Amino acid sequence: MAHNARSTSSIRRETVACDTQGRLIKALSALWLQHSQAEISVRMIAREADASVSAIDYHFGSLEQLFVHAQHAALIEASAWMEGIFQELRVLPLDRFPMAARASLLASLIEQWVCDQRPLALAWREAHAAAAANPALREPHRQWTMLWRNLWTRLCREAGFFPNADLLALFFDGEASQHLIRGHPLLDRALLDETVAALFHFVEKGGAPSSVIRVQYQDLAEREYREAFGAREEFTSIDAAAAAILAEEGLGSLTFRSVAGRADSTLGAVAYHFGSKSKMLRLALQGVYEGTSTAPTLVLINALPSDPEAAMETIIGGVIGGREPLLRALDEVILNLSRDEEDRALCGVIRGFRDPVGGALLAKFLGGTELASPSLVAVLSSVVRGLGHWRDGVAEGAAWDMARTALRIFRQPSHMAGPAA
């Protein structure tokens, strides 16, 4: 009897422990909807899970290990969702669908991912952010990367969805990340549709795709931005210093102390000027967007080799080598804005970002500006953004191979042609 009693007690304790572990994992996953991992504290998780502060160390050993377990749970859910998507699409004769139909399916898939599966989409982005900040936490991001690549490889090779799986994987990664920002929901979806259509149009027809929605979106976002934040002339030397640090060194280097040193000011004066770190970030980003810190952009454009292949290799090397701090900073800002839809004016200009470097690069790839429409520039930007994510998720050699395969479309569009629309 005593043995049975001990067994029952042991089972009860194990059940309670599993329940607590599950609540902690669910609590962290729920907090990702509103906060970045860097902002989340042990106390926040314990409060959300209705558990003690010591429960995380007791059940997982550390906050980092809880993060890994929560990522594993998200990966399982995402894998099931992707399998369902694949099974739903594989029964369709996708290889015989016209261009517009396949583009529409892809846009719907991205919309479903960032909206209906938003908790998983944010877990996905948090895995990348963690890998970029801490190499010891790269494993979840590596698993996400394998999962995404497997989905697009299966769709392209087994279902005839698209002729270039690496291009689609990188584009999907970058575009889905950008689409997490919700500035104008109706226009956001129209912009997504147009951007995806631009990719398919260029692959199959080789001509300049339509940019009607993007141009209108950018104009509207620009007007709202000016109404909300005013003109660039109001910026001070402290604002300009913050913008320069963000552009040249990335978000991790943007602190009150670094701005004070750059602006030759005092720490107290900088803290009083901004009032909060969030305002400092917004003004720094505004400075980058408006060109108060144009030197890095101009230097990058002017430094691009004239030979298209050499220019492509330069960009790939810069992204994979992590030598583009502004790219990483914008990626962090996009993740922050995906949770802060109240800052609608800033969401709009980042969602429809004007990309002078992307435009200059695309013109070099194509040998002129006549095909470099804003929507096609956005396609290239999403591919490069996706590559920036994947550099932390695959081996360096594999990243180079993927990048060359994906970007070849912009040098040889006729070789990529699929079914006629």
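From a predicted model like this one, the values you see are computed outputs, not experimental measurements.
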Chemist: Does atom NE2 (His69) have a neighbourhood of more than 12 heavy atoms from anything else shown, all under 6.0 Å?
Modeler: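 It does not: His69 NE2 has 12 such atoms or fewer within range.
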
Chemist: Can you name the residues that form a side-chain contact (heavy atoms from CB on, under 4.5 Å) with Ala269, not counting sequence neighbours?
Modeler: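 Checked Ala269 against side-chain contact (heavy atoms from CB on, under 4.5 Å); matches are Ser265, Thr266.
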
Chemist: Is the backbone of Val212 close enough, under 3.5 Å, to the side chain of Glu194 for a donor and an acceptor to pair up by distance?
Modeler: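 Checking the backbone N and O of Val212 against the side chain of Glu194, a donor-acceptor pair under 3.5 Å is found.
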
Chemist: So, the side chain of Arg262 versus the backbone of Ala240: is there a donor-acceptor pair under 3.5 Å, distance only?
Modeler: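 A pair under 3.5 Å: no.
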
Chemist: So, the side chain of Glu39 versus the backbone of Ser36: is there a donor-acceptor pair under 3.5 Å, distance only?
Modeler: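 Yes, Glu39 side chain to Ser36 backbone: donor-acceptor pair under 3.5 Å.
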
Chemist: Under 3.5 Å, side chain of Ser211 to main-chain N/O of Ser375, donor-acceptor pair present?
Modeler: yes

Chemist: Side chain of Asp331, backbone of Arg385: donor and acceptor closer than 3.5 Å?
Modeler: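 No, because the side chain of Asp331 does not come within donor-acceptor range (under 3.5 Å) of the backbone of Arg385.
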
Chemist: Determine yes or no for a side-chain-to-main-chain donor-acceptor pair under 3.5 angstrom, with Asn164 supplying the side chain and Thr405 the backbone.
Modeler: yes

Chemist: Looking just at side-chain N and O atoms, do Asn150 and Thr153 make a donor-acceptor pair shorter than 3.5 Å?
Modeler: no

Chemist: I'd like to know whether CD of Gln112 has more than 12 heavy-atom contacts from other residues, nucleotides or ligands below 6.0 angstrom.
Modeler: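 Yes - once you tally the heavy atoms of other residues, nucleotides and ligands closer than 6.0 Å, there are more than 12.
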
Chemist: Please tell me whether Glu139 and Gln143 have a donor and an acceptor in their side chains that are separated by less than 3.5 angstrom.
Modeler: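 Yes.
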
Chemist: Looking at CZ of Phe171 and CG of Leu380, how far apart are the two atoms once the value is rounded to the nearest 0.5 Å?
Modeler: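 If I round to the nearest 0.5 Å, the distance is 11.0 Å.
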
Chemist: Could you tell me whether the side chain of Ser258 and the main chain of Ser253 form a donor-acceptor pair under 3.5 Å?
Modeler: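 Between the backbone of Ser253 and the side chain of Ser258 there is a qualifying donor-acceptor contact (under 3.5 Å).
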
Chemist: Distance-only, no hydrogens or angles: does the Arg391 side chain make a donor-acceptor pair with backbone N or O of Val319 under 3.5 Å?
Modeler: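 The answer is yes, because a donor-acceptor pair under 3.5 Å joins these two groups.
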
Chemist: Let me see the working for Arg149 and Met402 under side-chain contact (heavy atoms from CB on, under 4.5 Å), right down to the final yes or no.
Modeler: CA-CA 10 Å; Arg149 193 174 192 182; Met402 282 193 69; 3.3 Å; yes

Chemist: Considering the options Gln178, His179, Arg214, which one meets the side-chain hydrogen bond (donor to acceptor under 3.5 Å, both in side chains) requirement together with Thr195?
Modeler: Arg214

Chemist: What distance separates Leu337 CG from Leu346 CG, expressed to the nearest 0.5 Å?
Modeler: 5.0 Å

Chemist: Report the distance from atom CZ of Arg189 to atom CD1 of Ile213, rounding to the nearest 0.5 Å.
Modeler: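 The CD1 atom of Ile213 is 12.5 Å from CZ of Arg189, to the nearest 0.5 Å.
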
Chemist: Do Asp173 and Trp148 get their side chains close enough for a donor-acceptor pair, meaning under 3.5 Å?
Modeler: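 No.
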
Chemist: Taking the six-membered ring for Trp, are Phe162 and Phe200 closer than 6.0 Å centroid to centroid?
Modeler: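 So the answer is yes for these two rings.
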
Chemist: Can you tell me if Gln71 uses its side chain to pair, donor with acceptor, with the backbone of Ala123 under 3.5 Å?
Modeler: yes

Chemist: The criterion is side-chain hydrogen bond (donor to acceptor under 3.5 Å, both in side chains); which residues satisfy it with Gln37, sequence neighbours excluded?
Modeler: Trp32

Chemist: So does Ile76 have more than 12 non-hydrogen atoms from other groups sitting under 6.0 Å from CD1?
Modeler: yes

Chemist: Please check this pair: side chain of Ser104 against backbone of Ala101, looking for a donor-acceptor N/O pair closer than 3.5 Å.
Modeler: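 Not a single qualifying donor-acceptor pair exists.
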
